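So the structure is just underneath, and the comments pick up after that.
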Amino acid sequence: MGDSIVIEGLTKYYNNFLALDNLSLTVGENEDIGLLGPNGAGKSTTLKILCGLIRPTSGRATIEGVDVVAHPERALGHIGAIIETPEFYSYMTPEETLTYFGELRGMKGAALKKRIKEVIELVKLEKWGKVQVAKFSRGMKQRLGLAQTLLHDPPVLILDEPSLGLDPRGVVEFREIIKGVGKDKTVFFASHQLVEVTQICSKVAIINEGKLLAYDSIAELEKKYQTLEQAYLQLTGGPNE
């Protein structure tokens with residue numbers, strides 16, 4: 001087993017603001033890793049660099065061995081990502097939307113139709129395949145976003161606050177779907193919902209002010225700090241220091 005994601009010395013400045021400070025971490029194949037940190041910690045910046053949306057000031061990152069800056073298109077072929085709330089053409093149905101995205105990726109014909117049926121079932125939208133997205137709740141749009149990320153069956157899923165804005169039932173359903181589809185994939189996702197992370201991940205990276213503060217299994221952090229919440233609060237400078 002190789003490494004799915006390798007981040008080496010990633011630094012990112014926005015003008016004079018240091019968003020990422022020499023961040024390095026490695027995610028092994030088929031690992032489920034939670035990227036934890038308060039707002040403004042650098043979580044989204046990290047994921048956007050991995051997805052080729054922004055360039056680092058210095059450092060490098062690879063996905064499945066492909067440099068994301070030097071070869072962004074090749075790297076993106078290995079990724080399915082949800083960054084922020086996915087938006088779709090409201091007049092299209094999930095089947096039409098996924099056909100459109102599949103064709104953009106060079107998928108076509110019977111193979112694309114079969115895969116669309118599979119991913120719609122995976123995200124539990126079977127009854128909604130022919131309904132216009134305009135009628136969808138936020139949670140259903142998130143599911144469609146996940147279906148889109150799974151369409152080309154990528155080995156790596158990168159998710160940025162995937163259940164943001166969902167009601168409690170939506171959060172639980174979405175979590176179960178991610179646990180199911182992520183069984184044979186690497187899942188790297190940012191959140192500040194500790195419960196969500198413990199349900200999906202075995203290991204977490206805690207960052208604050210662009211620096212990596214801890215990268216360990218949840219079990220080890222709980223051994224050291226009693227609970228993941230205590231680890232998070234103490235490391236990020238919370239009230240229980």
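Quick note: numbers below take in every heavy atom, side chains included, and nothing from hydrogens, waters or symmetry partners. Because the structure is a prediction, the values reported are computed rather than measured.
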Do E103 and M107 pass the side-chain contact (heavy atoms from CB on, under 4.5 Å) test, and can you show the C-alpha distance, the side-chain angles, and the key distance before you say yes or no?
CA-CA 5 Å; E103 286 172 351; M107 303 165 78; over 6 Å; no
Check against side-chain contact (heavy atoms from CB on, under 4.5 Å), S163 and E196:
CA-CA 9 Å; S163 57; E196 183 177 49; 2.4 Å; yes
Out of curiosity, does I33 fall in the hydrophobic cluster containing I82 (side-chain heavy atoms, cut-off under 4.5 Å, transitive links)?
no
Can you give me the closest heavy-atom contact between P72 and V69, atom names plus distance?
CD-O, 3.4 Å
So for atom CD, which belongs to E209, do other residues, nucleotides or ligands contribute more than 12 heavy atoms lying within a distance under 6.0 Å?
no
Please determine if K130 and E96 form a salt bridge, counting it only when a charged side-chain N lies under 4.0 Å from a carboxylate O.
no
CA sep, side-chain torsions, deciding dist, call: T45, Y14, side chain to side chain donor-acceptor pair (under 3.5 Å)
CA-CA 10 Å; T45 298; Y14 294 106; 3.1 Å; yes
How long is the gap from CD on E31 to CD on E29, to the nearest 0.5 Å?
10.0 Å
Applying a strict under-4.5 Å side-chain criterion to I, L, V, M, F, W and Y, I'd like to know whether F189 and I206 cluster together.
yes
Look at the side-chain heavy atoms of Ile, Leu, Val, Met, Phe, Trp and Tyr, link any pair under 4.5 Å apart, and say whether V6 and L23 land in one connected group.
no
Measure across T186 and S4 and return the closest heavy-atom pair with its distance rounded to 0.1 Å.
OG1-OG, 2.7 Å
Quick one: do E118 and K114 make a salt bridge, cutoff under 4.0 Å?
yes
4.5 Å side-chain heavy-atom contact, Y225 and L235:
yes
If you round to the nearest 0.5 Å, how far is CD of E161 from CD of Q142?
10.5 Å
Validation row: T97, Q148 side chains within 4.5 angstrom (heavy atoms):
no
List the atom of P155, the atom of H78, and the distance in Å for their closest heavy-atom pair.
CD-O, 3.2 Å
Would you say CD of Q132 has more than 12 non-hydrogen atoms from neighbouring residues, nucleotides or ligands within 6.0 angstrom?
yes
With rounding to the nearest 0.5 angstrom, report the CD to OG distance, E8 to S24.
6.5 Å
Do V156 and I158 have side-chain heavy atoms sitting under 4.5 Å apart?
yes
Could you walk me through whether L144 and L98 satisfy the side-chain contact (heavy atoms from CB on, under 4.5 Å) test, starting with their C-alpha distance in whole Å, then the side-chain angles of each, then the deciding distance to 0.1 Å, before giving a yes or no?
CA-CA 9 Å; L144 180 54; L98 294 171; 4.1 Å; yes
Might you work through the side-chain contact (heavy atoms from CB on, under 4.5 Å) test for Y232 and N208, ending with a clear yes or no?
CA-CA 10 Å; Y232 178 87; N208 195 22; over 6 Å; no
Compare all side-chain heavy atoms of I7 with those of T46 and state whether any distance is below 4.5 angstrom.
yes
Is any side-chain heavy atom of V131 closer than 4.5 Å to a side-chain heavy atom of L125?
no
Does one hydrophobic cluster hold both V123 and F136, with members joined at side-chain heavy-atom distances below 4.5 Å?
yes
Would L212 end up clustered with V197 when hydrophobic side chains under 4.5 Å apart are linked, directly or stepwise?
no
List the steps and the verdict of salt bridge (charged side-chain N to carboxylate O under 4.0 Å, His left out) for K185 and D153.
CA-CA 9 Å; K185 297 186 187 300; D153 198 18; 2.6 Å; yes
Is the NZ or CZ atom of K203 both under 6.0 Å from the centre of the six-membered ring of Y215 and within 45° of that ring's axis?
yes
If you draw a 6.0 Å radius around NZ in K117, do more than 12 non-hydrogen atoms from other residues or ligands fall strictly inside?
no
Is there side-chain contact between R175 and V171, with heavy atoms separated by less than 4.5 Å?
yes
Are D67 and R74 within salt-bridge range, i.e. N to O under 4.0 Å?
no
Do L159 and I83 have side-chain heavy atoms sitting under 4.5 Å apart?
no
Between Q226 and Q230, a side-chain donor and acceptor under 3.5 Å:
no
pair T149-V119: side-chain heavy atoms closer than 4.5 Å
no
Measuring from L35:CG to D160:CG, what's the distance to the nearest 0.5 Å?
8.5 Å
